[in-house]
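In what follows, a single structure is set out as structure tokens and then discussed.
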Amino acid sequence: QVQLQESGPGLVKPSQTLSLTCTVSGGSITTNYYYWSWIRQPPGKGLEWMGAIAYSGSTYYSPSLQSRTFISRDTSKNQFTLQLSSVTPEDTAVYYCARDLASPLNWYRLGGGYDYWGQGTQVTVSS
């Protein structure tokens with residue numbers, strides 16, 4: 001049973017970098033052929049896929065966020081991280097990590113659905 005847990009500050013000041021960590025248990029983030037995604041949901045809005053890191057370490061980003069987004073991993077801790085720079089109040093959202101349904105054969109599903117989710121963590125951008 002795969003479990004994911006987000007962690008990080010719940011309050012970030014404008015212009016700073018939002019940093020979150022997803023700790024995965026019950027499965028390795030390096031196991032073929034899984035992809036691990038970050039998703040967010042601003043209040044009153046829908047889910048927005050931000051990006052993902054593959055089992056190989058390759059990263060993929062939403063075009064709308066790629067200039068500010070960096071996803072990395074620490075395989076020794078079975079963790080992957082999200083860094084979102086230059087945040088504004090529009091970045092206030094519940095942030096989720098999740099295992100993506102995409103696979104090398106079903107690459108078109110990247111960002112389209114997930115089978116395991118973290119519980120989500122509220123991040124507020126405010127001074």
Side-chain angles (χ1 to χ4, degrees):
Q1 184 76 14
V2 174
Q3 297 182 79
L4 300 90
Q5 176 72 51
E6 303 92 346
S7 61
L11 182 65
V12 183
K13 293 182 172 64
S15 81
Q16 292 186 335
T17 295
L18 181 159
S19 297
L20 297 173
T21 297
C22 183
T23 301
V24 179
S25 61
S28 173
I29 61 173
T30 64
T31 295
N32 296 347
Y33 298 97
Y34 293 115
Y35 296 75
W36 306 87
S37 285
W38 286 101
I39 310 101
R40 68 179 183 179
Q41 185 169 35
K45 299 181 180 179
L47 295 169
E48 179 184 24
W49 179 76
M50 302 182 69
I53 188 163
Y55 59 95
S56 62
S58 297
T59 52
Y60 309 85
Y61 299 104
S62 169
S64 64
L65 293 169
Q66 62 86 26
S67 65
R68 298 193 292 133
T69 306
F70 181 70
I71 297 172
S72 60
R73 67 181 185 174
D74 184 340
T75 59
S76 70
K77 297 180 179 179
N78 211 36
Q79 295 176 330
F80 63 104
T81 64
L82 170 71
Q83 294 180 297
L84 182 66
S85 65
S86 303
V87 298
T88 74
E90 291 185 345
D91 294 310
T92 294
V94 177
Y95 285 75
Y96 300 91
C97 56
R99 192 172 77 175
D100 207 286
L101 290 174
S103 67
L105 187 60
N106 298 327
W107 57 269
Y108 57 89
R109 301 194 71 172
L110 187 62
Y114 318 92
D115 56 358
Y116 294 98
W117 295 72
Q119 84 288 342
T121 186
Q122 172 70 47
V123 179
T124 299
V125 179
S126 176
S127 61

**Study point:** pair L105-Y33: side-chain heavy atoms closer than 4.5 Å
**Key:** no

Exercise for review: Any chance you could measure C22, atom SG, to K77, atom NZ, to the nearest 0.5 Å?
Suggested key: 14.0 Å

Check your understanding: Hey, are the side chains of T88 and P14 touching, using non-hydrogen atoms and a 4.5 Å cut-off?
Key -> no

Review point. Is the ring centre of F80 less than 6.0 Å from the ring centre of W38?
Key: yes

Check your understanding: Which heavy-atom pair separates S103 from Y35 by the least distance, and what is that distance?
Key -> CA-CE1, 3.5 Å

Point to revise | Side-chain donor-acceptor pair present, S7, T21, cut-off under 3.5 Å | key: no

Practice item. Taking the side chain as every heavy atom from C-beta outward, state whether L110 and W49 have any atom pair closer than 4.5 Å. Key: yes

Check your understanding: Between R99 and Y34, is NZ or CZ placed under 6.0 angstrom from the six-membered ring centre and within 45° of the ring axis?
Key -> yes

Exercise for review: Could you tell me whether the side chain of L20 reaches within less than 4.5 Å of the side chain of R40, counting heavy atoms only?
Suggested key: no

List the atom pairs, donor and acceptor, that lie under 3.5 Å between side-chain atoms in residues 50-62 and the rest of the protein, sequence neighbours left out.
residue : atom : partner : partner atom : Å
S56     : OG   : S58     : N            : 3.4
S56     : OG   : S58     : OG           : 3.2
Y61     : OH   : I71     : N            : 2.9
S62     : OG   : S64     : N            : 3.4
S62     : OG   : S64     : OG           : 3.0

Review point. Are the side chains of V123 and P9 in touch, meaning some heavy atoms are under 4.5 Å apart?
Key: no

**Study point:** Whether R68 side chain and L84 backbone form a donor-acceptor pair below 3.5 Å
**Key:** no

Review point. Can you check whether S25 reaches N78 side chain to side chain, under 4.5 Å on heavy atoms?
Key: no

Study note, to complete from the structure: By salt bridge (Lys or Arg N to Asp or Glu O under 4.0 Å), R109 pairs with (sequence neighbours left out) none

